[in-house]
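Here is the structure we will look at.
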Amino acid sequence: MPPHQADAIVIGSGISGLTTAALLAKSGRQVVLIEKNKKPGGALRRFKRAGIPFDIGFHYTGGLGNKEILRVLWEYLGVWPNITAVPLHPGGHDLFRFRKSGRSVRAYYSYDLLQEELITNFPREAGGIRDFLANIRRICRTVPFYNLDLPLTPFLRDYLTAGNRSLADVIQTSVKDPELQAILAAPALLYGIPPRNAGFALHSAVTHGYYSGAYGIVGGGQAIVDAFITVLQRTGTEIITNCPVEHITVKDGTVQSVIAGGHEIKAEQVIYTGQPNALPDLTAKGTFRPAYIHRLKDLEDTKSMFILFGKLDCPDDGPRLATTNLYSLPPGVDIMDAPSPGTAGETLLVTAPGRRDVSDGSDAPAANGVIVMRPASWEEAATYDLGHKKRRTGYQTWKEETATTLLTEVEKCFGDLCPKITPLATGTPLTFRDELGGPQGGVYGTQHNMTQFAPRARTKVEGLTLSGQSTLMTGLLGSSLAGLVTAGEIIGLETIWDQVLT
Amino acid sequence: MIHDEEIRRQVIEVIAEEFELDPVALTPEATLYDDLGLDSLDAVDMVVALEKKFGVKLANEESIRSVRTMADIFALIISLKPAGQ
């Protein structure tokens, strides 16, 4: 039987919910964590097909070096000892390939190596390459998550907006070669905003984590979830799964309780980490003013993807791949356009985390799982939509055809590097809409772009706070920081910042 | 081009609807914080609502930071001269 009362209720058990819950529990609060899905973890969960574990959302991350923010936060929370982070090989890199010219360029997880590689490939653009990378580092020196000596509050007040230019604008004024432009734009695939809409400051904040050194985690995203659950259980936090929230009760502008599974739990603090557009419908009419409701409902989702989970046709003890992720890109900054119907398009990402060449060479067992992704528009899947988890006839056939087209392209593009792939499962914009809640199947929450204001943690309702990747930044690092900021709004921003850092 | 008076009328209309305020209270001298009870959280909602209504970009306008009264909003929107509806 769930409890009737708690100090704080966290709705949603993705990484921001887990982080907020763990921080509040550590501050001595009695926390209840509610998850609508059967298992906690949101986009960090793993699933298995043919015995192969697949990560839904986690592929690699930055921020785990000594004295880097994600590791500092995990150390503070006590989850770090339960996590085995593996630095990708120091000479490790992604590979960018262009179909028409056949050019391949290595994208190292190191500013110095990356700069050298780019200048070698594009010698005429040397000045622009140096300026572009230096600009990213300059911006990140003003971001407290990367410069831990800085206070948090001034940054959050003017969060990466002042004098901001679009990523496309900065790239196009820095360098002229369309292939180089595509390479510099490519990290936008890690936050799902087309480069013409993405602010350069946000791009810098996300990209810096990778250019400073990337890490894998043994056991993938699920290992992070499990480490958090262990810590939360130790603090006495109640975790309720398979329990969609039906209503958030508010009285006289102050939050009262959450009703989930027909059961009411009272609390002074409620933290909502779901998609912002779904929040108004969880509250009674009149809780929020029309201006806020319209703002949340109009938010544009990040781009969706078509994802294929498959098996590499090679022996389990086959060689590791020197390259972590294979990217095929079209030249120019428009790397995120969905392909025209019946084609796979030029933007592809192939990743086989189980076959990575990790720094110690031994830690993670090799596995033959492979994930292939391409940008997808909501429209291409929408014709099969009949509501939550209901599909029109023909959906299965469309998925199979789309997968076949995608694999044919992968073979054409990466046949020399990547063994043949047998498809095992697919994810479409409809899958991600249903699993992650984005109205158009966005895989990174709401767009933090230059033309809209993503919601902040605080709301007009006393005791009701938002979190999740829609509120601050995207991805594992961004969502963890969103969880930190949300807990900070409750406990005190500078207080929590000081506590985490000391 | 719409007339300044029409812009004022539309500003009052959108703010009254979106913030559930009495249009009669939305006089030029009314201050947003003290008279209308809006706060810093409402400020972003206000920018979003006005941008949508008039199809203008306010976020990068320096003058948005000095807005205190309804008259300031009228002047700001008029200065951006929205091109009809």
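Below, chains carry the letters A, B, ... as their sequence lines are ordered, and counting in each starts from 1. Scope of the values below: all heavy atoms of this structure, side chains included, with no hydrogens, waters or symmetry mates.
Nearest heavy atom pair, residue G192(A) against residue Y444(A), reads N-CD1, 3.4 Å.
Between the side chains of H203(A) and T207(A), at least one donor-acceptor pair of N or O atoms lies under 3.5 Å. Inspection of the S467(A) and T273(A) side chains reveals no N or O donor paired with an N or O acceptor under 3.5 Å.
Only the side chain of V47(B) comes within less than 4.5 Å of a heavy atom of chain A; its backbone N, CA, C and O stay farther away.
Side-chain atoms of F74(B) and I7(B), non-hydrogen and from C-beta on, never get closer than 4.5 Å to each other. L21(B) places a side-chain heavy atom less than 4.5 Å from the side chain of L26(B).
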Put together the list of donor-acceptor pairs under 3.5 Å connecting chain A with chain B, please.
from    : atom 1 : to     : atom 2 : distance (Å)
R289(A) : NE     : F19(B) : O      : 3.2
A291(A) : N      : E18(B) : O      : 2.9
A291(A) : N      : E18(B) : OE1    : 3.2
H294(A) : ND1    : E18(B) : OE1    : 2.9
H294(A) : ND1    : E18(B) : OE2    : 2.9
R295(A) : NH1    : D45(B) : OD1    : 2.6
D298(A) : OD2    : K52(B) : NZ     : 2.7
K460(A) : NZ     : D39(B) : OD1    : 3.4
K460(A) : NZ     : D39(B) : OD2    : 3.1
K460(A) : NZ     : D42(B) : OD1    : 3.3
K460(A) : NZ     : D42(B) : OD2    : 2.6

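Legend: residues meeting ring pair (Phe, Tyr, Trp, His ring centres under 6.0 Å) with F19(B), ordered by chain and number and at least two apart, are absent.
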